[in-house]
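As C-alpha cells, the structure follows; a few thoughts come after it.
As the structure lists them, so they are numbered: ligands from 1, and atoms in each ligand from 1.
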Amino acid sequence: MILVVDFGSQLAHLIARRIRSLGVYTEIVEPTVKASWIKNQKPQGIILSGGPQSVYEKDSLTLDKELLELGIPILGICYGHQLLAQVLGAKVIPANKEYGKETLTVKKSKLLKGLDKKEQVWASHGDTVLSAPEGFEVVGATEECNIAAFENSDKKIYGVQFHPEVAHTINGMKVLKNFVEITGGGKGYSIKGLDRKLVAEIKSTVKDGAVIMGVSGGVDSLVASVLVRTATPNIYCVFVDHGLIRKNEKQEVAELYRKLQFKHFYYVDAAKLFLHRLKGITDPEKKRKIIGNTFIEVFERKVKELKKYHDIKYLGQGTIYPDRIESAKASKQASVIKTHHNVGGLPEKMKLKLVEPLKDLYKDEVRELGKELGLKKEWLWKHPFPGPGLAVRIPGIVTPQKIALLKEADAIFMEELKKSGYYDKTWQAFAALLPVKAVGVMGDARAYGYIITLRAVTSQDAMTADWAKLPPELLERVSTKITKKVKGVTRVLYDISQKPPATIEYE
Ligand code: XMP
C-alpha cells in the first residue's frame, strides 16, 4: 500500500488512482496523522500531495518530522515538495508564479529515470524552494524554479515542484512508476477477482439477515446491489421517486432491476410529498436538506412496512471511496461547497448496520468490477445523476410546470447525444432551466418563455471539468427540437464554463 497524505489538494484522488493503476493499493489520509500511526500501517511508500497553503504561513499544515526517519520512501509533490524542503531545513519563499505547462530540464536522477533532457510538465505554484536541503541533489529545474526536483536516493526521499499525476505532464506516469519501483514495485492490485472477496465479506457480515438497498439506477448502487444479491437472497431494493427524476427514469430503473431478476424491487412514489415541502424554497442548501430529510422519512416508512417480511438489520449503499473521503474532509480542511445528499443519516436513526461493498473503490474501478460481473456497458457508463435530482438544475423556486418543461428538454438532449455517439464521450450532460424568461417570436406572435441551458462536461472524477466541445450541428439540432417541441421555452444556451470556477450542477 502507498499512503497519500492529502494537504488539501484537488488532485489527491488523481494521485491515488494513478498509483492504483500501477498495481499498488492506495489510501488517502489526513495530514494530521502521526508518524507512529503511519508506521503501523506498514505502507511501502508515502506521497505528500499538493495543497493551497504556503508552508511559511502561520498555522499552515505541516509534517510529522519523524515520518522522514521511518526509512519509508517518500515523494513530495508541489506543497509536499516545499514541505519536505522546509522540514529538512531549506527555505521556501514567494516567487514568480508558474501556472500551466512548463519545460523541465532534467538531470541524472532515480526518480526521473527514463525522461528526456527537456520534458513538458504541468505546474501550479506561487512559492519556490530556495535551495536544496543538505544532502539532497537538485535533479530538475524550470524557467522560474531552480529547484523543481530534488532527491536523496540513499534516504529514498524525493520532491517535485510539478504535478506528475496530471496528463499535461507528458511523462508523469513514468515518474510515478519510478517511484513505485523505488518502493518495491507493483503488488498486483487489480479489480480482477475482487468480486469474490467482496461477496465473501458481505456474506460474513450479513449471514442470514436481510439488507435493504437504496437504489437510484446509477452505476454505484447497481453494482453494489448485484454484489449483495450474490451474497444473500434477502435483499430488498427500494427506489424512491422524489418527483425530480428524469423522463422515463422510473420505467428504466424498474426495467433494469426486472431484467437482472431482482425479486424484491419496490418503487415508492413520493413526488407529491417532496414537491409540497419544496414549495417556495429558493436556497440550494435548504433544498438539499429538505430532500435529504424527506428521503430518510420515506425510506424509513418503507423499512417499517417491509418488517412483515423480514426484520431488516442492514442498509446496503453504493458509497464509493471519494464519497467517504470527501464527506470526512468537509468537516476538516476543505471548505464545504455543497453538501451532497446521500442516505448517510439513515443507519444512525434507524439503527441499521451499513453494508458498503464499494467503499474502497473509485468510479472507474466500480465500472470495471461491474464489467467483471457481466453488467452491460450502457448501465455502467450511465452519467452520474445528483441525489436532489432536477431540484439542483432548476435554480430558484421549483414548480411542477418547470419540472415538466425541464424533463422534456433534457430527454431531447439525451436522445440526440446518444444518437450522435456523444453521450459516451462526455462525463455528464443535462439540461437545466434558468429562473428567468426571455422574449422570443413564435409564428408571428411575441412569445415570452423560459431559457434552457445545456451543460455537457468532460471529466475524470468530477473534481474538475471542462465543457465538452460538442459539434455546432448537434447543438443546433437540440436547440431547434427543444424550442419546437417544448412549449414555454423560447431560448436554448450552451454552457461553456469550466469547473472551477463553475461547478457541474447549477446549485
Ligand atoms: P458539482 O456540481 O459539485 O458536482 O460540480 C460534482 C458531481 O457531483 C454530483 N452532485 C451531487 N450528487 N448529491 C449527489 O448525490 C448532490 O447534492 C450533488 N450535487 C452535485 C454532480 O452531478 C456531479 O457529478
- Query: By side-chain contact (heavy atoms from CB on, under 4.5 Å), which residues pair with Glu201, not counting sequence neighbours?
  - Reply: Lys197, Leu198

- Query: Considering residues at least two apart in sequence or located in another chain, which fulfil the side-chain contact (heavy atoms from CB on, under 4.5 Å) criterion with Arg301?
  - Reply: Leu273, Glu297

Just which atoms of ligand 1 are under 4.0 Å from any heavy atom in [X]?
X: Gly387; answer: 12 (N), 13 (N), 14 (C), 15 (O)
X: Lys499; answer: 1 (P), 3 (O), 5 (O), 6 (C)
X: Thr503; answer: 1 (P), 2 (O), 5 (O)

- Can any side-chain N or O of His383 pair as donor or acceptor with the backbone N or O of Ala429 at less than 3.5 Å?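 Pair found, side chain donor or acceptor close to backbone of Ala429.
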
- Donor-acceptor pair, side chain of Thr483 and main chain of Thr480, under 3.5 angstrom: yes

- Message: Is it true that Asp495 and Thr453 share a donor-acceptor pair across their side chains at a distance under 3.5 Å?
- Response: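 Per modelled atom types, Thr453 and Asp495 side chains form no pair under 3.5 Å.
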
- Item | Winner among Glu507, Arg288, Glu505, Lys287 once heavy atoms are compared against atom 22 (O) of ligand 1 |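 Considering heavy atoms of Glu507, Arg288, Glu505, Lys287, the nearest to atom 22 (O) of ligand 1 sits in Glu505.
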
- Message: If you measure every N or O of Pro388 against every N or O of ligand 1, does any of those distances drop under 3.5 Å?
- Response: no

